[in-house]
Protein chains: 2
Amino acid sequence: MATEKSSNEYEGLLPFCLRWVKPIFAKLPAMAVELATMTTKLAKDDTRRVVHALKVGLAITLVSLFYYFKPLYDGFGTSTMWAVVTVIVVFEFSVGGTLGRGLNRVMATLLAGALGFGAHYLASLGGDTGRPIMLGLFVFVLAAISTFIRFFPKMKARYDYGLLIFILTFCMVSLSGYRDDEIAKLAYSRMLTILIGCCFTVFVCVFVCPVWAGTDLHHLVANNIESLATFFHGFGAEYFGLLQEQGEVGKVDMQKYRTILNSKSNEESLTNLARWEPRHGKFRYRHPWKVYLEIGSLNRECACRLEVLNGYLQTKRTQMPSQQIHGPFQEECMKICSELSNGLRELAMGLRKMVPPLTAKAHIEKAKIAAENLKSHLEEWRFEEMNNNNNALEIVHVASLSPLLLDTICCIVKIVDSVQKLASIAGFKAVEVPSSVAPEQDQGSMQPCHGDVLVAHHVIMIHEEAPC
Amino acid sequence: MATEKSSNEYEGLLPFCLRWVKPIFAKLPAMAVELATMTTKLAKDDTRRVVHALKVGLAITLVSLFYYFKPLYDGFGTSTMWAVVTVIVVFEFSVGGTLGRGLNRVMATLLAGALGFGAHYLASLGGDTGRPIMLGLFVFVLAAISTFIRFFPKMKARYDYGLLIFILTFCMVSLSGYRDDEIAKLAYSRMLTILIGCCFTVFVCVFVCPVWAGTDLHHLVANNIESLATFFHGFGAEYFGLLQEQGEVGKVDMQKYRTILNSKSNEESLTNLARWEPRHGKFRYRHPWKVYLEIGSLNRECACRLEVLNGYLQTKRTQMPSQQIHGPFQEECMKICSELSNGLRELAMGLRKMVPPLTAKAHIEKAKIAAENLKSHLEEWRFEEMNNNNNALEIVHVASLSPLLLDTICCIVKIVDSVQKLASIAGFKAVEVPSSVAPEQDQGSMQPCHGDVLVAHHVIMIHEEAPC
């Protein structure tokens, strides 16, 4: 019986394995296809990723020349390794990241090396028994303090890596000194190879297709404003069912604003990286990167309102899909949306091209006037049509839309103000650009734009009229 | 003239330096006070930070014993350094972080070590000329591929550090092999010291006051739900001016929901860390951490609505500060807020104590009924008071509040559903807890709670009535 069972087991082993392995092999082609699709998508979405991978390979290959040429290798010996290690850990996607990490690594190594020497010297005064105790104490205290400092938000944002390298180098120099008498040579060659590694990295990073975190941040914020514009471009038409004939074309783009809601950490890290970067392109050394955080935060506030507006759109679509809204309401709402969309698009374009957004505020102002008109229409209409019970749902809808739109306009005014603040601090210069939005500017506008004086006048009006 | 000038310059050097240094020295006391305040705040906000710093110090001191005892040091020689380096770079704040980094480091070192050996062997077949070329090619290709793989979102979230260590070890083993014939010994002792370092780190991290990322995530999500509850607790009273006599007490707490808006990256990183953690406390090994992300995302959607509600509150406060709202409206609105607040608080408490939130849904259901009542009151009242023009502002306000509250309730229903899903997947068990919210439950409730059957009935109703 037992033999039969074990024989059965033996016979069953192959089928059992096959049963286990088969689905894996069956899945392999699908997995390979998925991997290929994902790789292509990643590479297509941002070709700089491929370039970055090649750049890292190039930098490591360049620095490994130190191994291949005997005269170079003899100079540093096994310390040559630190040059390679430095290239690998310092090379980041953006120039800011690489410079930040490189500077952190060099400064921390210098400081910790010197302190490690000091600790080594002090400990050696303690004699054979006192030496390990004192060294242990130094290491414990410095490691604990540095680790705690890493919790300070400002230090974490910019010097986290430096603090890590500080603990690491201090321990390496002070502890190695306990067993190795050539500690000075060790520290010197480590320092030198780290410097060489940093130089290679920074050279490749800056001179071969550089990726600037500052430029990325700039475009990210401009794109986010553009996404807000896209939402308003579609919202009016979707709400009043004007898009139904054209199908679902506008819908996909409208949801772009959703990425803004979670953009905070990305914007913050890009700002931190951008601050390490030297002058590049149109960006000066002390470009006001912090203002982008302000604009980003207002963008998110606005996107929150858009999220609620989008919710209204869904409700409208399901509860009263084909109901026509009273003519004047529709007209004013469409006008608000088109003015907001044009204003925001102009703002985004101005930011992208680094020219002052002169006419953006006039558009927003027109939207504000239209919103006020909508409010008074609402009042009049309530008394005219009060006997018509069919419009109950309509009044609730438009009445709820009106304060939300007004609130959103207030939020957008703040965005425009922030972008104008950025433009004045960073010194954006007006140029005669043949604006692509220009043909749209007149569409739906009632008054000619009087430029900055009008804009300033309206700003004061807004502050008097509504608490933005 | 020239001499006079240079003499002037010389005389002016000390005052010049003083003028430059003085403000720095003058600022020193203020800076010291600020630093001390910040340190105390950081330590008080989370005492685990201090404990973590001491733990890191302890682990490094423990592992540095390898240097002090000659027999231990002789076993590994200079490779002992890798044990210290491993402790420093692997030790993270949470157990999940430490285990993740440790496993990444060990697995990547093993894999890259083996591949490095292979590359070294293959390159040695190429002869003196071919060897550096082949090695360079291997290093380039592997570094480029690994760097590109770091862009895959799933890899970045969990294996970013492993990929970095993979490139590092591969380069170290294959390149060192070019100059050092004892490559096998090098790889072996590096592997062993890294393992020792990881063991020390994990030991100290897990057994000395462990910080579990999973527990942190669990409490973060529960606290966020509590913040939503706090908002509703204050909103009704603030909106109808009932809090004005009590001063600004409730206001500070109400703004807590704002931190939810930017909680995504924190929740995502905690989820990634929690997935590395073994069974601990009430959390099993395969605790459904991903459901927390779902709840977190719904919390953010809800917080967006709260942001708009908060905007309405500001408008109400400035535009009609002392205007009384029609009685029945106020009653229903207050009821909605109190039910939502109680329901959410119960949900948060259930989540925190890991018991199924049985009655939370009944509260939300009552809020929904009150919102429907508000809507019908609005209709009736419009016809009753249509001749009274003074109420124009009032109707716009309440009419705009009503759909927004309904939308928010829909969002909260989804949160309750997600928490119930979590409770059923994670197997939360009902216990007889003397609930601290219990006395509040009956306050303002009209119908007795019929338990789960009623809840299920209401869920269906909600889906039939409104598109949530």
Side-chain angles (χ1 to χ4, degrees), chain A residues 38 42 49-50 52-54 56-58 60-61 64 67-68 73 81 84-85 88-89 132 136 139-141 143-144 147-148 151-152 164 167-168 171-172 175-176 178-179 261-262 264-265 300-301 304-305 307-308 311-312 314-315 318 378-379 383 386 392 395-396 399-400 402-404 407 467, chain B residues 38 42 49-50 52-54 56-58 60-61 64 67-68 73 81 84-85 88-89 132 136 139-141 143-144 147-148 151-152 164 167-168 171-172 175-176 178-179 261-262 264-265 300-301 304-305 307-308 311-312 314-315 318 378-379 383 386 392 395-396 399-400 402-404 407 467:
Chain A
M38 208 168 183
L42 273 175
R49 287 174 180 149
V50 182
H52 171 70
L54 296 176
V56 173
L58 175 70
I60 298 175
T61 312
S64 61
Y67 272 96
Y68 307 139
Y73 182 79
M81 191 182 65
V84 179
V85 170
I88 296 171
V89 296
V139 166
F140 179 84
V141 170
T147 306
F148 187 77
F151 286 114
F152 282 80
L164 186 77
I167 310 175
L168 206 145
C171 291
M172 270 169 78
L175 290 176
S176 298
Y178 190 74
R179 288 289 162 196
L261 292 168
N262 300 315
K264 194 189 181 196
S265 57
R300 275 188 298 281
E301 272 183 33
C304 258
R305 269 103 186 142
E307 177 80 3
V308 179
Y312 281 12
Q314 309 304 331
T315 317
T318 40
L378 201 67
E379 288 304 315
F383 293 102
M386 55 197 172
I395 199 175
V396 170
S400 63
S402 137
L404 188 54
D407 191 28
Chain B
M38 209 169 182
L42 272 176
R49 287 173 180 149
V50 183
H52 172 70
L54 296 176
V56 173
L58 176 71
I60 298 175
T61 312
S64 62
Y67 272 96
Y68 307 139
Y73 183 78
M81 190 183 67
V84 179
V85 170
I88 296 171
V89 296
V139 165
F140 179 84
V141 170
T147 307
F148 188 77
F151 286 114
F152 283 80
L164 186 77
I167 310 175
L168 207 144
C171 292
M172 270 168 79
L175 291 176
S176 298
Y178 191 72
R179 286 291 161 197
L261 291 168
N262 299 316
K264 194 189 180 197
S265 58
R300 274 189 298 283
E301 273 183 32
C304 257
R305 271 101 185 144
E307 177 79 4
V308 179
Y312 281 13
Q314 310 302 331
T315 317
T318 40
L378 202 67
E379 288 304 313
F383 292 100
M386 54 197 174
I395 198 174
V396 170
S400 63
S402 139
L404 188 54
D407 192 27

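Within every chain, numbering begins at 1; the chains are lettered A, B, ... in the order of the sequence lines, protein sequences first and strands thereafter. The basis for the numbers below is simple: all heavy atoms, side chains too, and nothing from hydrogens, waters or symmetry mates.
Counting heavy atoms from C-beta on, the side chains of A:V50 and B:F148 come closer than 4.5 Å.
What you find for A:C304 and B:V308 is that their closest heavy atoms are O-CG2, 4.3 Å. Considering all non-hydrogen atoms of both residues, B:A143 and A:G57 come closest at CB-CA, 4.1 Å. The nearest pair of heavy atoms linking B:G136 to A:Y68 is N-OH, 3.3 Å. Between B:F140 and A:L58, the closest heavy-atom pair is CE1-N, 3.4 Å. Nearest heavy atom pair, residue B:S64 against residue A:L175, reads CB-CD1, 3.6 Å. Residues B:L168 and A:I88 come closest through the heavy atom pair CA-CD1, 3.6 Å.
Your options are A:D407, A:L404, A:V141, and the one with the most heavy-atom pairs under 4.5 Å with chain B is A:L404. Listed options B:N262, B:L261, B:V85 were ranked by heavy-atom pairs under 4.5 angstrom with chain A; first place goes to B:N262.
Only the side chain of B:Y312 comes within contact range of chain A, with at least one heavy atom under 4.5 Å from a heavy atom of that chain.
For A:R300, the side-chain hydrogen bond (donor to acceptor under 3.5 Å, both in side chains) partners are A:S263, A:E267, not counting sequence neighbours. A search for side-chain hydrogen bond (donor to acceptor under 3.5 Å, both in side chains) contacts involving A:E307 returns A:Y257, A:R258, not counting sequence neighbours.
Partner A:I167 forms a side-chain contact (heavy atoms from CB on, under 4.5 Å) with one of B:I60, B:V84, B:V89 and no other, that one being B:I60.
The CZ atom of A:F152 sits 10.0 Å away from the CZ atom of B:R49 when rounded to the nearest 0.5 Å.
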